[in-house]
Structure formats: structure tokens, C-alpha cells
Amino acid sequence: MKTIKLTMAQAVIRYLMAQKVEIEGEIKPMFAGCWAIFGHGNVAGLGEALYHVKEELPTYRAHNEQAMAHSAIAYAKTMNRQQMMMCTASAGPGSVNMVTAAAVAHVNRIPVLFLPGDTFATRMPDPVLQQVENFHDQTLTSNDCFRPVSRFFDRITRPEQLLTSLPQAIRVLTDPIECGPATLGMPQDVQTMAFDYPASFFDEKVHHLRRQAPDNRELENAITMIKQAKKPVVIAGGGLHYSGALKEFDQFVSTYHLPVGETQAGKGALPWDHSQNMGSIGVTGAASTNALCSESDLIIAVGTRLGDFTSGSRALVNPNAKIICLNVASFDAIKHKAQPLVGDAKLTLAQLTDALDDWAPDGQWIEKAEQLRAQWQKSVDIATTDRGTNLPTDAECVGAVNRAAGENDIVVCAAGGLPGELQKLWRTRYDKGYHMEYGYSCMGYELAGGLGVKMAKPQSEVFVMVGDGSYLMLNSEIATSVMLGQKIIMVVLDNRGYGCIHRLQQSCGGPGFNNLLDDCLTTENGAPKTDFAAHAAALGARSEKVNNISELEAALERAKASDISYLITLDTDVTPQWEDGGTWWDVAVAEVSQRDHVNEARKRYESFKARQLQNL
């Protein structure tokens with residue numbers, strides 16, 4: 001048997017470079033690059049291995065470990081999970097900094113390979129710098145924090161363990177059901193240890209998307225349920241994108257005149273002006289879609305895990321409605337007492353379309369959906385128009401950015417109040433034109449995520465919309481975007497605080513407390529006014545401050561003409577000015593309080609809980 005003597009780190013990189021994927025008939029590397037911040041836990045092992053292949057496998061240097069992992073997540077999401085990146089950081093705080101991002105990838109089911117540096121497997125120099133010692137278990141390190149947020153976890157304590165561990169990690173990263181982050185702990189001494197690996201271990205392997213056909217009995221049950229329905233609603237989830245099932249989905253809903261509600265991850269599955277697209281669904285849903293769901297007799301959920309924002313915390317849908325869940329994962333397909341239809345969306349939708357024959361929903365239902373859709377689009381027109389308010393609303397800002405965006409441009413967001421406004425108001429015909437991290441809704445994802453999206457779609461303008469709170473949490477990758485020549489356009493809406501949670505706090509009966517900068521603990525001089533334009537300029541971007549929507553629109557044109565990242569900031573209104581659409585969200589209210597407002601909010605809460613119980 002022919003062997004090759006390599007260090008463990010060299011073997012990891014060589015094996016990963018041998019993994020390929022076929023995309024639209026073209027063979028491409030599965031791993032498009034490696035994000036790395038080196039330290040004593042990985043510089044002499046993985047750093048040495050990466051250096052020698054830097055022309056074939058680019059290594060990107062970031063400014064923050066969590067942020068670089070967010071960029072890797074955004075890249076893989078934009079590439080429909082077909083191409084991905086790996087991330088490595090030093091032992092200790094560098095690696096643990098990536099744990100939050102691992103949770104983002106896990107919740108959103110996005111493939112990222114984490115290679116955190118680890119302490120010495122030999123334990124000869126213990127305790128080493130940055131080592132977390134456990135008094136009762138010497139096998140534990142701080143990297144064990146990755147276990148609950150990884151789909152696959154292993155610690156490589158012998159170089160030959162790669163022979164069984166690496167294939168398992170790749171299996172998880174490419175599996176449509178188990179897809180998510182894989183973590184291989186990399187003890188810094190083992191990274192440098194050599195082994196005679198079989199040469200065949202590094203043979204090129206081309207991966208293809210596995211497509212699971214539906215079970216015949218489940219398919220027949222679903223067909224029967226659909227044919228009995230008179231008032232169906234379809235929910236479009238993110239799985240439609242990952243399956244590449246957009247054409248089949250369009251044919252299915254168009255053929256049978258099915259009204260469609262979009263989740264955050266499913267947005268873009270249909271063009272915004274498609275006749276069957278009713279708009280968003282759920283807590284941040286369109287009034288049209290939510291009204292239909294409250295009356296529907298059948299929900300057909302496609303590629304969605306039916307989280308609380310989609311289901312209105314299980315209080316949105318008509319309690320008497322039946323549910324079919326078409327999902328490749330049985331874990332999701334049985335949620336909400338649904339009739340499971342386990343299978344790949346592309347395959348299954350085509351079979352459903354062929355099997356329903358001349359069935360059609362009730363004619364009045366089709367007509368009602370058309371009327372509600374028209375009414376909703378008028379509401380969106382009003383909300384996104386510049387109304388000349390003293391302080392612009394989020395909705396007005398969304399409208400301005402949307403008008404500036406081209407047909408193949410992309411908006412990126414993650415947390416705060418903006419995701420709700422964007423889900424309801426953003427209009428796109430491009431299936432990748434809307435990029436929202438709302439599975440974990442991680443503050444700080446936005447700017448780093450925008451960088452990853454731009455790397456995946458360099459021909460698109462990438463507009464990052466972010467609040468001042470998220471911006472201040474994690475903004476370092478502005479400098480990285482400039483350094484790499486990956487231009488993003490950032491629009492920072494400054495309402496001086498965590499405005500979204502401030503509004504939630506008030507809706508639960510609480511006073512303004514510790515959310516806005518005006519109601520938190522400060523010196524007698526108050527909280528400083530952050531100059532976001534100056535800050536972005538200090539990180540290498542072009543920037544400016546504007547005062548109203550017309551100035552924002554002009555600035556967006558200058559940003560599009562710029563050859564480097566460009567930040568625009570403006571002050572916005574913290575109070576909601578437009579509340580059309582939406583539904584209840586289960587945020588528990590105190591059962592006992594000295595505040596009358598809280599007691600009133602508790603009564604409202606209990607009334608919705610009663611509706612929720614009917615759907616359990």
C-alpha cells in the first residue's frame with residue numbers, strides 16, 4: 001500500500017482539498033477557503049499546513065473569531081450549502097469565541113467546519129497558557145463548549161484518527177438532514193505529529209446532493225388531505241432553496257392557485273410580485289397571509305421547521321386546520337401534530353403536482369386571497385414611502401434601500417426590529433436577494449455576514465441594514481472587507497439603544513428600562529452619541545451621516561458608485577410608526593406585579609395562551 005508521511009494538520013488540509021462538489025455540471029472545491037486567526041494553538045500546525053497551499057486554498061485573516069465564522073456561515077447559506085468554509089483559531093479564548101457562531105450554524109443548519117486549536121494531548125507542559133483546567137475531568141477543555149452546538153464533534157488525539165473522523169465530519173456537512181457545523185478539536189502537539197497515511201485517503205471525491213423520494217403511503221395520505229381541502233395555505237421555508245426546488249414550487253402553487261406565505265428563510269422562493277405570493281407569515285407577517293392562515297382548513301408547510309415566529313407561537317393557525325409538513329427531516333415533519341411527508345422538496349413537489357389532477361381550492365378562497373394580496377401591497381407602498389417624518393421610521397429606510405437595490409442585489413440583516421420590517425416590506429425577485437439570519441437572530445452577525453455574502457456573490461451589491469446596538473456589538477469586519485476588497489454597503493439606523501426590546505418591554509407592561517441609552521445607568525452627562533461615520537472611516541471605509549430619506553437615497557447612489565465599503569448612518573424613530581400585519585408572540589408576562597400595565601398585559605397574554613392551547 002502506498003503511503004504518504006504527513007503531519008496531522010497537513011493531512012487534514014490535504015483531505016479537505018480533495019473534497020469536491022458538482023454545481024450545475026461544474027466540479028468545484030467543496031471548501032472555498034479557510035478563515036484563520038493564528039495563535040500558539042494552531043500557528044505551527046495548521047498555519048504551517050495552510051501556508052504551503054495558499055494558492056489553491058486561500059486563507060483569510062479576520063479581526064474577530066466569532067465574526068469570521070459568521071462570514072463563513074453567510075457564505076455557505078448564500079451558496080445553498082453546496083460550498084462552504086472552514087474556521088480555525090488558537091486554543092483558549094480564540095476558539096471559544098467561535099462557539100456563538102457555531103450555535104448560529106447549528107440552528108440554521110448551515111455547514112461550517114470548525115478546527116479549534118486545543119491543549120496538549122500529551123499533557124506534558126500542562127497547564128499551558130489559556131488552558132481551562134477541570135478539577136475532576138482531565139479530558140475536558142474549553143473546546144467541549146462546542147459539543148452542544150455541533151452536529152458532529154471529535155477531538156483528534158492521534159494523527160491516525162483522521163482516517164475515521166474526517167469522513168464522518170464530511171458526511172454531516174453534506175447531509176441534507178443532519179447538515180450543520182462539524183467540530184474537530186485540534187490539540188496543538190498532535191497537529192505537528194506525523195503518520196504514514198494511505199495515499200488513497202486523499203483521492204478526489206465529488207459530492208452530490210442526496211435526494212430522498214417520499215414514502216408512497218405518506219404521499220397518498222397527503223394527496224387525500226389536499227383534495228379534501230377548500231381553503232389551503234402553503235408556507236415556503238428555507239428548505240426550498242437548499243433543495244433547489246424553486247421551479248417545482250412555482251409550478252405547484254401556480255397550477256392550483258395556492259396562496260403562499262414566506263418564512264424568513266423561505267423569502268425569495270417566489271418573486272415578490274408573483275400572483276400566489278401573499279407576503280410574509282407569522283409574528284412579523286403580512287396582514288394578508290395571517291388572515292388567510294386564521295381561516296385556512298389546510299396548511300402545507302414546505303421546508304420549514306415551523307418556529308414560533310412562523311406559527312405565531314402556535315396561535316396563528318385555525319385550530320381546526322390540518323397540517324402537512326413536507327420536509328427532508330422527519331424531526332421537523334412531525335411538528336405541530338402534522339401529517340408528515342418526508343422527502344426532498346424537488347422530488348416530492350413534482351409528484352404532488354402530477355397527482356392532484358383537476359383539484360382546485362374553493363373559488364371564493366382564491367378570490368379572497370387575490371383581494372387580500374392587493375390590499376397588502378398597497379399597505380407596503382404606503383409604509384415604504386418617504387413621508388417626511390422628523391425622524392425616519394425603519395419602514396421608510398427599508399423602502400429607500402429597496403429602491404436603490406438592483407434586481408440581483410442582496411439585503412443582509414439578523415437582529416432587532418429590522419428583521420420584522422424587512423420580512424414584511426422588502427421586495428425581491430432574486431431568489432438570493434434576501435439574506436436573514438433569524439434562526440438564532442444573533443446580534444453582530446450583520447456586518448460579518450454581509451462580507452460572507454459578498455464573497456459568495458461578488459457581482460451583487462450587498463446592502464447590510466443594521467441597528468446601532470448590533471453595530472456596536474461586532475463591527476471589526478468592516479476593516480476586513482476593505483482589506484479583502486469585498487465591498488459592502490452598510491446602512492446604520494441609530495435609535496440610540498435596543499429599540500426592538502424597548503418596544504417589547506413596553507408591550508409586556510414594563511417601563512422603559514436598560515434598553516435605550518436614555519433609560520440605562522450612566523453618568524450625569526448621559527451616554528455619548530456615537531459617530532458611526534467617523535468610526536467606519538477609521539476602519540478604512542468611506543462613510544457619511546444623513547438626516548432624512550431624500551439624503552439617504554442620494555447617499556445610496558454614492559455608495560453604489562464607491563469601489564470600497566461604504567457606511568451611511570442616520571437617526572431613526574425608536575417608536576413604531578407602522579404596525580400593519582403581524583400577530584402575537586409568546587413572551588411570558590409576569591403573573592404578579594405592582595404595575596397595573598403589567599397586570600393588564602398579563603390578561604392579554606392569558607387570552608392568547610388559551611388560543612395557543614387549542615393548537616397543542
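Position 1 is the first residue of the sequence, and the numbers go up from there.
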To the nearest 0.5 Å, tell me how far [X] [atom1] sits from [Y] [atom2].
{"X": "K424", "Y": "I281", "atom1": "NZ", "atom2": "CD1", "result": "14.0 Å"}
{"X": "E407", "Y": "S460", "atom1": "CD", "atom2": "OG", "result": "11.5 Å"}
{"X": "T59", "Y": "K54", "atom1": "OG1", "atom2": "NZ", "result": "9.5 Å"}
{"X": "Q82", "Y": "I23", "atom1": "CD", "atom2": "CD1", "result": "4.5 Å"}
{"X": "L425", "Y": "D580", "atom1": "CG", "atom2": "CG", "result": "9.5 Å"}
{"X": "N547", "Y": "L570", "atom1": "CG", "atom2": "CG", "result": "8.0 Å"}

Please walk me through it: do T284 and Q264 pass side chain to side chain contact (heavy atoms under 4.5 Å, CB included)? CA-CA 9 Å; T284 52; Q264 288 279 18; 4.2 Å; yes
Distance-minimising heavy-atom pair for [X] and [Y]:
{"X": "S565", "Y": "S481", "answer": "OG-OG, 2.8 Å"}
{"X": "A236", "Y": "V260", "answer": "CB-CG1, 3.9 Å"}
{"X": "S142", "Y": "G92", "answer": "OG-CA, 4.0 Å"}
{"X": "Q83", "Y": "M79", "answer": "OE1-CE, 3.2 Å"}
{"X": "L422", "Y": "M436", "answer": "CD1-CE, 3.9 Å"}
{"X": "A32", "Y": "P58", "answer": "O-CG, 3.5 Å"}

Can you check whether [X] reaches [Y] side chain to side chain, under 4.5 Å on heavy atoms?
{"X": "Y471", "Y": "L447", "value": "yes"}
{"X": "N64", "Y": "E477", "value": "yes"}
{"X": "L166", "Y": "Q19", "value": "no"}
{"X": "F249", "Y": "H241", "value": "no"}
{"X": "L539", "Y": "V482", "value": "no"}
{"X": "F532", "Y": "L472", "value": "yes"}
{"X": "L57", "Y": "P29", "value": "no"}
{"X": "K529", "Y": "D571", "value": "yes"}

Could you check whether [Y] and [X], counting side-chain N and O atoms only, form a donor-acceptor pair closer than 3.5 Å?
{"X": "T263", "Y": "T304", "result": "no"}
{"X": "S243", "Y": "R211", "result": "yes"}
{"X": "Y434", "Y": "Q423", "result": "no"}
{"X": "T572", "Y": "N495", "result": "no"}
{"X": "E544", "Y": "Y566", "result": "yes"}
{"X": "D118", "Y": "T141", "result": "yes"}
{"X": "N277", "Y": "W272", "result": "no"}
{"X": "N108", "Y": "E437", "result": "yes"}

Partners meeting side-chain contact (heavy atoms from CB on, under 4.5 Å) with R147 (sequence neighbours left out):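 So R147 forms a side-chain contact (heavy atoms from CB on, under 4.5 Å) with D144, F153, R155.
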In terms of ring plane angle, is the pair F114 and F146 parallel, tilted or perpendicular, where the classes change at 30° and 60°?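 Aromatic pair F114/F146 classed tilted.
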Side-chain donor/acceptor of [X] to backbone N/O of [Y], under 3.5 Å:
{"X": "S507", "Y": "L504", "value": "yes"}
{"X": "N97", "Y": "G94", "value": "no"}
{"X": "E446", "Y": "A415", "value": "yes"}
{"X": "D573", "Y": "T393", "value": "no"}
{"X": "N515", "Y": "G499", "value": "no"}
{"X": "S313", "Y": "D586", "value": "yes"}
{"X": "K267", "Y": "W426", "value": "yes"}
{"X": "T88", "Y": "A36", "value": "no"}
{"X": "T583", "Y": "G282", "value": "no"}
{"X": "S543", "Y": "A533", "value": "yes"}

For the pair V12 and L184, evaluate side chain to side chain contact (heavy atoms under 4.5 Å, CB included) and give the outcome as yes or no after the intermediate values. CA-CA 10 Å; V12 168; L184 298 178; 5.6 Å; no
What residues, two or more places apart in sequence or in another chain, satisfy side chain to side chain donor-acceptor pair (under 3.5 Å) together with R171?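 Listed in chain order: Q168, E178.
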Name of the residue among V453, L451, T78, I489 meeting side-chain contact (heavy atoms from CB on, under 4.5 Å) with V462: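 For V462, the side-chain contact (heavy atoms from CB on, under 4.5 Å) check succeeds only for V453.
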Tell me, please, which residues at least two apart from [X] pass ring pair (Phe, Tyr, Trp, His ring centres under 6.0 Å).
{"X": "W376", "answer": "W578"}
{"X": "Y438", "answer": "F309"}
{"X": "F31", "answer": "none"}

In a table with atom names and distances, give each donor-acceptor pair under 3.5 Å that connects a side chain of residues 398-406 to protein atoms at least two apart or in another chain.
residue, atom, partner, partner atom, Å
N402, OD1, R427, N, 2.7
N402, ND2, R427, O, 3.1
R403, NE, E553, OE2, 3.1
R403, NH1, T384, O, 2.9
R403, NH1, G399, O, 3.4
R403, NH2, E553, OE2, 2.8

E24 CD: over 12 foreign heavy atoms closer than 6.0 Å: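 For E24, atom CD is not crowded (no more than 12 foreign heavy atoms under 6.0 Å).
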Over 12 foreign heavy atoms within 6.0 Å of CD, E557: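 Yes, enclosed.
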Could you walk me through whether H70 and L474 satisfy the side chain to side chain contact (heavy atoms under 4.5 Å, CB included) test, starting with their C-alpha distance in whole Å, then the side-chain angles of each, then the deciding distance to 0.1 Å, before giving a yes or no? CA-CA 11 Å; H70 287 325; L474 193 53; 4.0 Å; yes
Should [X] and [Y] count as an ion pair when the cut-off is N to O under 4.0 Å?
{"X": "D494", "Y": "K545", "value": "no"}
{"X": "K487", "Y": "D563", "value": "no"}
{"X": "R496", "Y": "D468", "value": "no"}
{"X": "K247", "Y": "D250", "value": "no"}

Assess whether side chain to side chain contact (heavy atoms under 4.5 Å, CB included) is satisfied between R81 and R109, documenting all intermediate values. CA-CA 9 Å; R81 308 195 303 192; R109 301 167 190 190; 3.8 Å; yes
